[in-house]
Amino acid sequence: MRLATWNVNSLRSRIDRVEAFLQRHDVDVLALQETKAREDQLPLMGLQAMGYEVAAAGVNQWNGVAILSRVGLADVEVGFPGQPGWGEPAAAEARALGATCGGVRVWSLYVPNGRKPDDPHYVYKLDWLARLRDAATGWLGEPTALVGDWNICPTDDDVFDPAQFRNSTHVTPPERAAFQAFLDEGYLEVTREHAPGYTYWDYYRQRFERDRGLKIDFVLGSPSLAERVTGAFIDRDERAGTGASDHAPVVVDLTTP
DNA sequence: ATGGTGGCGAGGCCA
């Protein structure tokens, strides 16, 4: 099974790229972030013609996550964990949705950005991650993939210029500790060893052309998921050209158990 | 410290 995650930065504006990406790489399950469309706005005609359906979708004014899967692959859609009240105001922001696809519980995550370390959103980010970790600990015994835009650079190697980011979000010790906490609980990040390099490049200052990016999109697997990973890659080509998202998709291959 | 670009939707807000 081929699983991918992509912060698409508007599904409507990039539907042609999404369809081409699915076909180019023969993707079975695609977790999307920053869909930026209400459910009734999701452009699905072409996707349905290609044999895909929406396994899960949660949207709001600013954001939204979704999971596309091949028709018949998804059998369960899951809402925000621990609802009601989980990760407030996450419920209004559509930051986490899960679906069981081919026996794997896939969670499409858009971790709060945090804005600035002295901003209330930064506290919210850490709190949200702690709640997700608590819930995710309960899923360690099953094949679980926590995929998406984590908005954290776990190491300095994941930042093109660590000095420039010294007082910024994404790199602070508390954020890195929040990410590490998932690993301490037993999750494994399964893409880095196969797919080094950045996954996000800011739109301005020609950051992509100069490869000045961040590595913030990850796939964390429970042990029974991680042992099935045979490879992974970052589709850097998808970040090139006009009309690209500011994130590149990350693709992971799994053996069938 | 600021501004650089892009999406949404029609003025800022968000990243």
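Order of the sequence lines sets the chain letters (A, B, ...), proteins ahead of strands, with each chain counted from 1.
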Student: Can you tell me, in whole Å, how much space there is between the C1' of B/dG11 and that of B/dA1?
Tutor: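 About 25 Å, rounded to a whole number of Å.
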
Student: Only pairs at least two apart or in different chains count here, so list each ring-ring contact (aromatic ring centres under 6.0 Å, His included) that has a residue in residues 229-249 of chain A.
Tutor: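 Checked against ring-ring contact (aromatic ring centres under 6.0 Å, His included) - neighbours excluded - the pairs reaching residues 229-249 of chain A are A/His25-A/Phe233, A/Tyr200-A/His247.
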
Student: Among B/dG3, B/dG9, B/dA15, which nucleotide sits nearest the side chain of A/Arg12?
Tutor: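 For A/Arg12, the side-chain atoms sit closest to B/dG9.
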
Student: Measure from the side-chain heavy atoms of A/Asn113 and tell me the nearest of B/dA15, B/dC8, B/dG7.
Tutor: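 Looking only at heavy atoms from C-beta outward on A/Asn113, the closest nucleotide is B/dA15.
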
Student: Which listed nucleotide (B/dG3, B/dC8, B/dA15) is nearest to the side chain of A/Ser13?
Tutor: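 Comparing B/dG3, B/dC8, B/dA15 against the side chain of A/Ser13, the answer is B/dC8.
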
Student: Among B/dA15, B/dG7, B/dG9, which is the nearest nucleotide to the side chain of A/Lys36?
Tutor: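 Of B/dA15, B/dG7, B/dG9, B/dG7 is nearest to the side chain of A/Lys36.
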
Student: Closest to the A/Tyr204 side chain: B/dG9, B/dT5, B/dG7?
Tutor: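 That would be B/dT5.
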
Student: Nearest to the side chain of A/Arg205, which nucleotide is it out of B/dG3, B/dC8, B/dC14?
Tutor: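 Nearest listed nucleotide: B/dG3.
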
Student: When the P atoms of B/dG6 and B/dT2 are considered, how many whole Å apart are they?
Tutor: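 Pairwise P distance, B/dG6 against B/dT2, rounds to 23 Å.
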
Student: Taking B/dG9 as the reference, what is the distance to B/dA15 when you measure between their P atoms (whole Å, please)?
Tutor: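 My reading of the P atoms in B/dA15 and B/dG9 gives 16 Å.
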
Student: Assuming nearest nucleotide by heavy-atom distance, tell me which of A/Tyr200 and A/Asn9 is located more 5' along DNA chain B.
Tutor: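 Of the two residues, A/Asn9 wins.
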
Student: Among all residues two or more places apart in sequence or in another chain, which pass the ring pair (Phe, Tyr, Trp, His ring centres under 6.0 Å) test with A/Phe160?
Tutor: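 In terms of ring pair (Phe, Tyr, Trp, His ring centres under 6.0 Å), with neighbours along the sequence ignored, A/Phe160 is linked to A/Phe165.
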
